[in-house]
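A short worksheet on the structure shown next.
Lettering follows sequence order; numbering is per chain, from 1.
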2 protein chains.
Amino acid sequence: MSGRRREAALTLADVAREAGVSEITVSRVIRAKGPIAADTRRRVESAIRKMGYVPNRVAGALASATSDLVGVIIPSLTNIVFPDVLRGVNEVISKHGYRAVVGVTDYREDVESELVGALLAWRPAALIVTGCEHSDETRAMLRGAGITIVEIMDLGGAPIDIQVGMRHEAAGAETAAYLIKRGYRRIGYIGHDLTRDLRARKRYGAFTQTLCEAGAPLAGEIVTPRPSSVEAGRDALAALLALKATRCDAVYFSNDDMAIGGVFHCMARGIRTPSDLAIVGYNGLGMGQCLPQPLTTVGTKRFEIGVAAGQAVVDRLSGRSVAAEIDVGFELITGATA
Amino acid sequence: MSGRRREAALTLADVAREAGVSEITVSRVIRAKGPIAADTRRRVESAIRKMGYVPNRVAGALASATSDLVGVIIPSLTNIVFPDVLRGVNEVISKHGYRAVVGVTDYREDVESELVGALLAWRPAALIVTGCEHSDETRAMLRGAGITIVEIMDLGGAPIDIQVGMRHEAAGAETAAYLIKRGYRRIGYIGHDLTRDLRARKRYGAFTQTLCEAGAPLAGEIVTPRPSSVEAGRDALAALLALKATRCDAVYFSNDDMAIGGVFHCMARGIRTPSDLAIVGYNGLGMGQCLPQPLTTVGTKRFEIGVAAGQAVVDRLSGRSVAAEIDVGFELITGATA
DNA sequence: TTGAAAGCGCTAACAT
DNA sequence: ATGTTAGCGCTTTCAA
């Protein structure tokens, strides 16, 4: 990191000289703050335009101890879930003049910790982080930052400030209960890396426990180390079905991407859903609902989480009070595949 | 925008006092710059840890006139293409200590212009923008910024500094030539909003022109005002096929999302591909290759564009020279649908 | 309605 | 190996 030293960019002083006023007057015009004579404003504005002056927010932020940056830390950009969330955040905050600074952790706690430090160093107005599990170090930094912190996606743990999300355990349990109710008894699971995706793990845990309690423990499972994708789901279902002993009548996938891969595998092999094999996903992606048979899945509110998180930030920064926990919920979508 | 004034965060001076050294020594330890006695380093580091000091990069950036921020302006987060690109950028720059500040234009020129100003105000080390078409105002700001500017996705126009992308006209023309070669003569087009997505428009233009030159002008088209999606593609194909006069034997979709929607429509209606209707997409998404019949499409290098752009930034900032134009190319993927 | 002075927290440059 | 001085470009505060 270095950033070549730039050749003397224009400063307020340059504009002030050109407009025949003082620096502070130019500053006031730019920030639309304080009383300015109409004529003065015009002179300053034309000088700015003419010279192509771009204010320096680094200096401004230092002097005023305020910032229009909002840090956003997400685990992945591969999983469409997070671009969706980011879109929601951005939609709200950009309307209020804030910008997102994005960090991607790749689901790694050490990277998260490093990113939190790096983003806090820019003294953002607020920080949005994913999940409610953090290392002690991360937690200490977040607590000590003295700014609005929003934890998104998941509810629970020891909230740092504001949480916006849903209960993944409830989603897993409800999915299991649904399959049991529909009469499935040999139920398998296909997932992606659970050691890292803690929310998928929570769903998995509640899912399997609910099955056990119903007297139909998990019949088999494949967990790939790959990130979730349609391809990974397809390959994993092929692998699961190849395990002779398993003989599932239904499979719960860690998310819709994976489940759609499963559906494609069934299509290619002439396996009928749900009569030969039932399939359930998680997320409620539009694409799953476009399949010849709409996917049975759990609809989640990804965009809404982003919006709610962004709104929480904006509200706080405007001095309005914000609920400490915002549960956006989820919804079982009973499609045709289970 | 405001950002509540924070209550006196720790400064270098606090740490210096605690460690019994001067501010500059602490600064040197933090930045790992200049010679520091092992013992001094230990004392300073332990003071930092003990107090939970987080350096202020706003002040640091102002003092040193350097930054670890890289602005990235993309049109959309809905279209998976851009998260892919962003992922590539991030992969490279984060390894070198840079962070991405993201702006989303929603394909609007006025928003782009505003974002360029807002990001340049943070005096980033470099700025990555999408496309090679910009308003005069934007172009002037980019030219005057005096930093590395990378235009991504598309090649052509009047390059500002560095371009990383491919030739969309060539992709459109090659797709048309392929369909003609395969014997299709009643070819339709299904697209999303072309007034905004200039690259899709370029492909469309070259595609239709090539068809004309081959004596098989476009047989029909549907352009939805919606953003591209599987649903939009499915609905648009239904609409196109409902136009009695059209009777297409092949359809070119503006991208794979749309094309996959078309495939789903065919599946649901028992329309066989490619015998009843051939389908071609654009992008080469993994999912399209997972369909029971792999999608015929044009493979693009989204992630690679991000990586190359990130690398160009890093190279420039390290004083290495960088090619002014990097053509990552594309590749016709002859699947089973056309 | 405008301006002068002081200083935000850090780092470059120059001592020592 | 460490410290001193000056100043980055802006905004706050106070004055006129």
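Atom-to-atom, CG of A/L62 to C1' of D/dT12 comes out at 12 Å; the value is rounded to the nearest Å. For the pair B/I24 CD1 and D/dA6 P, the computed distance is 15 Å after rounding to whole Å. Going from atom OH of A/Y53 over to atom C1' of D/dG9 covers 7 Å, rounded to whole Å. One atom, NZ of B/K33, and another, P of D/dT2, lie 18 Å apart when rounded to the nearest Å. In this structure, A/R17 atom CZ and D/dG9 atom P are separated by 12 Å, rounded to whole Å. Rounding to whole angstrom units, CD1 of residue B/I30 and C1' of C/dA12 are separated by 16 Å.
For a distance-only test at 3.5 Å, the side chain of A/R57 fails to qualify as a donor-acceptor partner of the base of D/dG9. No N or O donor and acceptor, one from the side chain of B/R123 and one from the base of D/dG9, sit under 3.5 Å apart.
Distances shorter than 4.0 Å separate none of the side-chain N or O atoms of B/S27 from OP1 or OP2 on C/dC10. Dashed line: the shortest gap from a side-chain N or O of A/R31 to OP1 or OP2 of D/dT12 is under 4.0 Å. Contact annotation: B/T25 side-chain N/O to D/dT2 OP1/OP2 distance is not under 4.0 Å. Applying the 4.0 Å criterion to OP1 and OP2 of C/dT2, one finds that A/S22 has every side-chain N and O outside that range. In this structure, B/T40 reaches the D/dT2 phosphate: one of its side-chain N or O atoms is under 4.0 Å from OP1 or OP2.
Out of D/dC10, D/dT12, C/dT2, the shortest distance to the side chain of A/A37 is found at C/dT2. Side-chain proximity of B/L12 to C/dG9, C/dC10, D/dT11: nearest is C/dC10. Distance from the side chain of A/A63 is smallest for D/dC10 among the nucleotides C/dC10, D/dG3, D/dC10. Considering only the side chain of B/E23, C/dT11 comes nearest among C/dT11, D/dG9, C/dG3.
If you find the closest nucleotide of DNA chain D to B/P35 and to B/A59, the one lying nearer the 5' end belongs to B/P35. Along DNA chain C, the nucleotide nearest to B/V54 and the one nearest to B/R28 differ in position, and the one closer to the 5' end is contacted by B/V54.
The backbone N or O of A/A13 lies less than 3.5 Å from a partner atom in the side chain of A/T11, making a donor-acceptor pair. Without hydrogens or angle criteria, A/N79 side chain to A/V81 main chain gives a donor-acceptor distance under 3.5 Å. B/E304 contributes no side-chain N or O that, together with a main-chain N or O of B/V328, makes up a donor-acceptor pair within less than 3.5 Å.
A salt bridge (charged side-chain N to carboxylate O under 4.0 Å, His left out) with A/D161 is found for exactly one of A/R139, A/R316, A/R143, namely A/R316.
Among the heavy atoms of the strands, none lies under 4.0 Å from B/V58.
Heavy-atom contacts from other residues, nucleotides or ligands closer than 6.0 Å to CG of B/D39 number more than 12.
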